[in-house]
Amino acid sequence: CNETEITKMKAQYRKIMGYMPQQQQLYDSFTVNHFISYMGTLRGMDKKEIRRRMEELLPLLNLSEVRRKKIKELSGGMKQRVLLVQALLDDPQILILDEPTAGLDPKGRDEILDQIAYLHEKADMTVILVSHSMEDIAKYVDRIIVMNKGSVMFNDVPKKVFAHYKELERVGLAAPQVTYIMHALKEKGMDVPTDATTIEEAADGIMKALKKERAAK
């Protein structure tokens, strides 16, 4: 970080980088309060600072009402939020999320990603999202880096990366479903934008194309 190897920074890196793993042993018998306090203690934080950060983060992530519940009693989405709290304890500049929506239903996925997007905007924090869900990527990120066998295959904005959807398929990745729909409509003669990457963009493009067709008749 800033040209310093992270392995040489010791505990200092926690002030710069927070990490939310895809899966972690959450100590099911712990309450939310106990787990977060425990994680803060392991990082060398004092009790006063842990309490201060908990009072900021638990309401922010809608966890205040379950703070005294055992983790085994929580839904999958709430468990992910608890993991997010522990990643944010040190108020990092960079947040790395490893498949944060794995195992969640669509509603749970949207909730956790909406909260992450809010944190990104509110705290001006850099968020690195590792995901195989191209729908999530298309909706939430500003830039995509596609890795293939340890090398960077693409590094660009979503629209430009998804324009290479056939190349993505060859390395086991699919573009968002709307990309395929828009290309199929284009092949059928409909004047739609093939660079649409979200449902909202696709709907807008289709409506405009339909209006043009009606006006031309």
Side-chain angles (χ1 to χ4, degrees), residues 17-40 53-92 94-147 158 161-162 168 172-181 196-203:
M17 187 179 299
Y19 174 59
M20 178 180 169
Q22 178 177 350
Q23 293 180 337
Q24 177 172 315
Q25 175 57 43
L26 281 173
Y27 306 99
D28 281 352
S29 62
F30 283 22
T31 64
V32 172
N33 278 349
H34 187 185
F35 174 74
I36 295 170
S37 297
Y38 176 65
M39 295 301 291
R53 288 295 288 158
M54 285 175 64
E55 294 308 314
E56 291 176 353
L57 294 170
L58 291 177
L60 189 63
L61 293 169
N62 300 320
L63 288 171
S64 295
E65 293 184 4
V66 299
R67 63 189 304 162
R68 292 180 178 82
K69 284 191 174 183
K70 292 184 178 180
I71 289 175
K72 64 184 178 183
E73 300 173 14
L74 304 182
S75 66
M78 285 187 175
K79 288 179 180 179
Q80 292 296 84
R81 291 184 217 170
V82 173
L83 283 178
L84 184 54
V85 170
Q86 66 80 29
L88 293 166
L89 270 179
D90 286 290
D91 197 16
I94 301 169
L95 179 63
I96 300 177
L97 308 169
D98 186 5
E99 298 282 0
T101 62
L104 300 183
D105 60 24
K107 183 176 183 291
R109 284 170 48 193
D110 286 345
E111 285 178 355
I112 193 79
L113 289 172
D114 284 344
Q115 288 170 330
I116 291 165
Y118 173 74
L119 288 168
H120 166 65
E121 183 177 349
K122 181 177 183 292
D124 192 26
M125 179 190 303
T126 298
V127 178
I128 300 173
L129 172 65
V130 180
S131 178
H132 285 81
S133 170
M134 294 301 104
E135 277 70 23
D136 292 347
I137 294 293
K139 184 175 180 180
Y140 289 96
V141 309
D142 301 316
R143 192 168 194 87
I144 300 174
I145 299 175
V146 179
M147 302 294 295
V161 171
F162 292 136
L168 292 174
L173 292 173
Q177 287 297 312
V178 294
T179 299
Y180 298 98
I181 292 170
T197 57
T198 66
I199 292 174
E200 291 78 13
E201 290 176 347

Near [X] [atom1], under 6.0 Å, is it more than 12 heavy atoms from other residues, nucleotides or ligands?
X	atom1	result
R68	CZ	no
Y118	OH	no
L74	CG	yes
K70	NZ	no

Could you grab the distance from atom [atom1] of [X] to atom [atom2] of [Y], nearest 0.5 Å is fine?
X	Y	atom1	atom2	answer
K79	D28	NZ	CG	5.0 Å
E111	N62	CD	CG	8.0 Å
L95	L84	CG	CG	6.0 Å
I112	D136	CD1	CG	11.5 Å
M17	I96	CE	CD1	4.5 Å

Over all heavy atoms of both residues, which pair between [X] and [Y] is shortest? Give the atoms and the distance, please.
X	Y	value
A196	T179	O-OG1, 3.9 Å
L61	L119	CD2-CD1, 4.3 Å
M54	S37	SD-OG, 3.7 Å
Y140	A117	CD2-CB, 4.1 Å

Without swapping roles, check the side chain of [X] against the backbone of [Y] for a donor-acceptor pair under 3.5 Å.
X	Y	result
R53	L88	yes
T198	E201	yes
Q86	L83	yes
R109	T101	no

Margin query: I'd like to know if R67 pairs up with E55 as an ion pair, taking the criterion as any Lys NZ or Arg NE/NH1/NH2 lying under 4.0 Å from an Asp or Glu carboxylate oxygen.
Written below: yes
Next item on the list: Determine, for K139 against E135, whether the closest basic-nitrogen to carboxylate-oxygen distance falls under 4.0 angstrom.
Entry: no
